[in-house]
K.L.:
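Sharing a structure here in structure tokens format.
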Amino acid sequence: MNILFVASECAPFVKTGGLADVIGAVPKTLAEQGAKVRVMLPAYPALASVAQGGETVLSYDDLHGGPARLVAVSAEGLDLFLLDAPHLFDREGSIYLGPNGQDWHDNHLRYGALSQVAARVAIEGIGDWKPDLVNAHDWQAGLVPAYLKQHSGPTPPCVLTIHNIAFQGVFGPEVMGPLHLSGEHFNPEGFEYFGKVGFLKAGIAFADHISTVSPTYARELLMPEFGMGLEGILQARGHMLSGILNGIDLDIWNPEDDALLPATYSARSLKGKAVCKAELERRFAIAPNPDAPLFCVVSRLTSQKGLDLLLDCLPALVARGGRLAVLGSGQRDLEDGFIAAAQRYPGSVGTIIGYDEPLSHLMQAGSDAILIPSRFEPCGLTQLYGLRYGTLPVVARTGGLADTVIDANSAALAADCATGLQFAPITAAALDQAIDRACQLYGQPKIWAGMVRRAMRHPVGWDQSAEAYLALYQSLMPHRSE
Ligand code: ADP
């Protein structure tokens with residue numbers, strides 16, 4: 001089975017969040033199960049050298065304002081189609097935002113072009129390669145199903161995967177003309193979103209199936225609190241909505257063999273974890289304290305992630321002897337809040353503002369627990385890394401966090417199956433109670449060590465989920481329009 005993935009980011013080349021990890025990892029596992037995936041991405045500057053070594057398979061004299069070509073190339077174990085359109089993608093800095101911190105003014109053209117070229121490849125194929133199915137990811141690829149719908153001939157089935165419904169790609173109705181979108185579908189059943197054009201809405205309206213990244217988020221999306229205005233159309237198309245949990249790339253995230261750590265370790269021998277902890281404490285100027293846990297945060301600092309709640313809990317966390325290392329960047333108020341906390345609690349709280357992939361590995365290895373108080377979380381990956389590295393996740397009971405962490409309540413402790421802590425409702429008071437419970441459990445070393453070992457053995461790879469994707473793809477094959 002040939003699958004075309006269409007996405008805006010892909011690890012290890014270009015990453016702003018979990019989407020990239022998923023796009024970089026799933027094709028490898030699907031390949032082991034017999035499906036061949038090609039990933040279509042924009043040729044951002046980070047991919048320029050990769051694109052140079054590839055073969056031009058499509059050319060455009062003018063794709064929304066300049067020449068463009070599609071390059072086929074293999075790199076890092078992935079087969080890629082790179083859309084090399086310098087006027088759209090050859091820009092330094094953030095892939096989504098201009099220097100003023102606002103979305104690039106032409107994001108509709110940038111990702112409209114990606115979707116248009118992807119639809120063409122889906123319909124015509126490249127040489128003797130033709131996809132049996134397309135999987136479009138998030139709003140940036142949301143127009144792919146719309147373009148396929150507009151095509152009068154046969155098209156392969158298309159799955160839209162929603163990684164975060166908060167990002168929808170909504171633009172004024174004037175983009176319809178330049179993007180060659182048919183006015184026939186500018187209605188609530190189509191891509192119209194309250195008088196505007198919604199890229200994600202288009203994907204939801206026209207995909208043959210909609211998947212998201214955890215079963216709980218799939219249910220939550222149908223509710224106004226989580227659906228962010230799209231719950232109506234999702235309810236209408238609910239029969240074709242499902243949740244498949246994300247996994248993690250066990251080649252990259254493996255404490256037994258992680259070159260980014262000062263020492264490696266396993267569930268059998270945790271000695272190396274103590275070495276990582278000492279190094280983490282040194283990096284964040286945090287004083288050792290064997291009696292209380294070292295918590296960490298590795299996150300975008302945005303209101304989604306609920307880290308303002310953590311700021312409220314900090315005095316009590318520190319009073320209990322707990323320590324906290326924060327790595328993140330994002331909203332100015334949260335960055336300032338954690339910088340101020342580090343100044344207020346020297347030796348107990350350390351903050352590094354920025355994006356640092358190697359340091360994120362050390363944080364997962366050297367901490368005792370990772371705090372994830374998200375207000376909503378489609379799947380979340382950092383709790384999965386935490387499980388793998390024996391760093392117990394303390395999570396809000398929502399989305400994929402609810403699906404992946406087994407709370408250390410008395411029944412789970414008695415049954416020896418707890419792997420972390422959950423809290424609800426998502427308030428500072430409930431987070432504070434969870435932190436308190438974590439501190440109490442940490443004070444019972446046998447119980448804590450048992451949870452750490454169990455967490456490390458919890459399956460978090462892609463095998464099961466890749467099987468679920470494959471089964472989904474196969475179920476759509478007979479629906480192929482002729
Ligand atoms: P989201 O995609 O909403 O940001 P996820 O938990 O799904 O959240 O994925 C976040 C990914 O980005 C993880 O791989 C995490 O380790 C990484 N990450 C987030 N912030 C940072 C940071 N400041 N430095 C390094 N990695 C980070």
Side-chain angles (χ1 to χ4, degrees), residues 7-26 94-96 137-140 161-167 212-214 216-217 226 228 243-255 258 260-261 280 283-284 296-307 310 324-331 334-335 338-339 350-367 370-389 391 393-396 398-405 420 460 462 465:
S8 58
E9 28 185 299
C10 176
F13 310 108
V14 55
K15 167 170 168 179
T16 73
L19 168 67
D21 293 295
V22 174
I23 302 300
V26 189
S94 158
I95 55 175
Y96 304 126
H137 295 269
D138 270 351
W139 76 263
Q140 293 87 351
T161 302
I162 301 173
H163 295 260
N164 191 336
I165 206 159
F167 305 110
T212 188
V213 290
S214 70
T216 295
Y217 195 57
F226 293 96
M228 308 217 174
I244 300 176
L245 261 186
N246 282 340
I248 62 172
D249 189 331
L250 298 177
D251 292 336
I252 297 174
W253 294 92
N254 178 5
D258 187 333
L260 296 168
L261 302 182
L280 184 61
R283 288 282 291 272
F284 281 81
C296 77
V297 166
V298 180
S299 183
R300 292 186 289 120
L301 302 179
T302 66
S303 59
Q304 175 197 337
K305 302 293 180 179
L307 293 164
L310 177 57
L324 174 69
V326 177
L327 169 65
S329 62
Q331 274 171 226
L334 292 169
E335 290 186 356
F338 283 106
I339 290 169
T351 298
I352 294 181
I353 298 298
Y355 190 95
D356 188 334
E357 193 81 27
L359 180 56
S360 74
H361 284 242
L362 179 66
M363 302 198 55
Q364 291 285 1
S367 309
I370 181 161
L371 297 170
I372 313 172
S374 305
R375 294 192 163 86
F376 66 94
E377 193 60 78
C379 179
L381 294 177
T382 55
Q383 84 279 14
L384 302 180
Y385 302 141
L387 290 170
R388 187 83 184 95
Y389 282 67
T391 292
V394 179
V395 304
T398 185
L401 299 174
D403 291 342
T404 52
V405 175
V460 287
W462 269 106
S465 300

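For clarity, every value in this text was computed on a predicted model and none was experimentally measured. Just follow the structure's listing: the first ligand is 1, and inside any ligand the first atom is 1.
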K.L.:
For a distance cut-off of 3.5 Å, show me each N or O of ligand 1 paired with any protein N or O, plus the separation.
P.N.:
{"from": "ligand 1", "atom 1": "2 (O)", "to": "G18", "atom 2": "N", "distance (Å)": "2.7"}
{"from": "ligand 1", "atom 1": "3 (O)", "to": "R300", "atom 2": "NH2", "distance (Å)": "2.7"}
{"from": "ligand 1", "atom 1": "3 (O)", "to": "K305", "atom 2": "NZ", "distance (Å)": "2.8"}
{"from": "ligand 1", "atom 1": "4 (O)", "to": "R300", "atom 2": "NE", "distance (Å)": "2.7"}
{"from": "ligand 1", "atom 1": "6 (O)", "to": "L381", "atom 2": "N", "distance (Å)": "2.9"}
{"from": "ligand 1", "atom 1": "8 (O)", "to": "K305", "atom 2": "NZ", "distance (Å)": "3.1"}
{"from": "ligand 1", "atom 1": "9 (O)", "to": "G18", "atom 2": "N", "distance (Å)": "3.2"}
{"from": "ligand 1", "atom 1": "14 (O)", "to": "K15", "atom 2": "NZ", "distance (Å)": "2.8"}
{"from": "ligand 1", "atom 1": "14 (O)", "to": "D21", "atom 2": "OD2", "distance (Å)": "3.0"}
{"from": "ligand 1", "atom 1": "23 (N)", "to": "G354", "atom 2": "O", "distance (Å)": "2.8"}
{"from": "ligand 1", "atom 1": "24 (N)", "to": "D356", "atom 2": "N", "distance (Å)": "3.0"}

K.L.:
Can you list the residues that meet the side-chain hydrogen bond (donor to acceptor under 3.5 Å, both in side chains) rule with S8, with sequence neighbours excluded?
P.N.:
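Here the qualifying residues are Y96.
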K.L.:
What's the separation between atom CD in E357 and atom CD1 in I252, rounded to the nearest 0.5 Å?
P.N.:
8.0 Å
K.L.:
So, for W253 and Y385, is the gap between ring centers shorter than 6.0 Å?
P.N.:
yes
K.L.:
Kindly write out the residues that satisfy ring-ring contact (aromatic ring centres under 6.0 Å, His included) with Y217, not counting sequence neighbours, or none if the list is empty.
P.N.:
none
K.L.:
Apply side-chain hydrogen bond (donor to acceptor under 3.5 Å, both in side chains) to T404 and list each qualifying residue two or more places apart in sequence or on a separate chain.
P.N.:
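Counting only residues at least two positions away or on another chain, T404 forms a side-chain hydrogen bond (donor to acceptor under 3.5 Å, both in side chains) with Q383.
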K.L.:
Give a yes or no answer on whether the side chain of E335 reaches the backbone of L301 with a donor-acceptor pair at less than 3.5 Å.
P.N.:
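Judged by distance alone, no pair lies under 3.5 Å.
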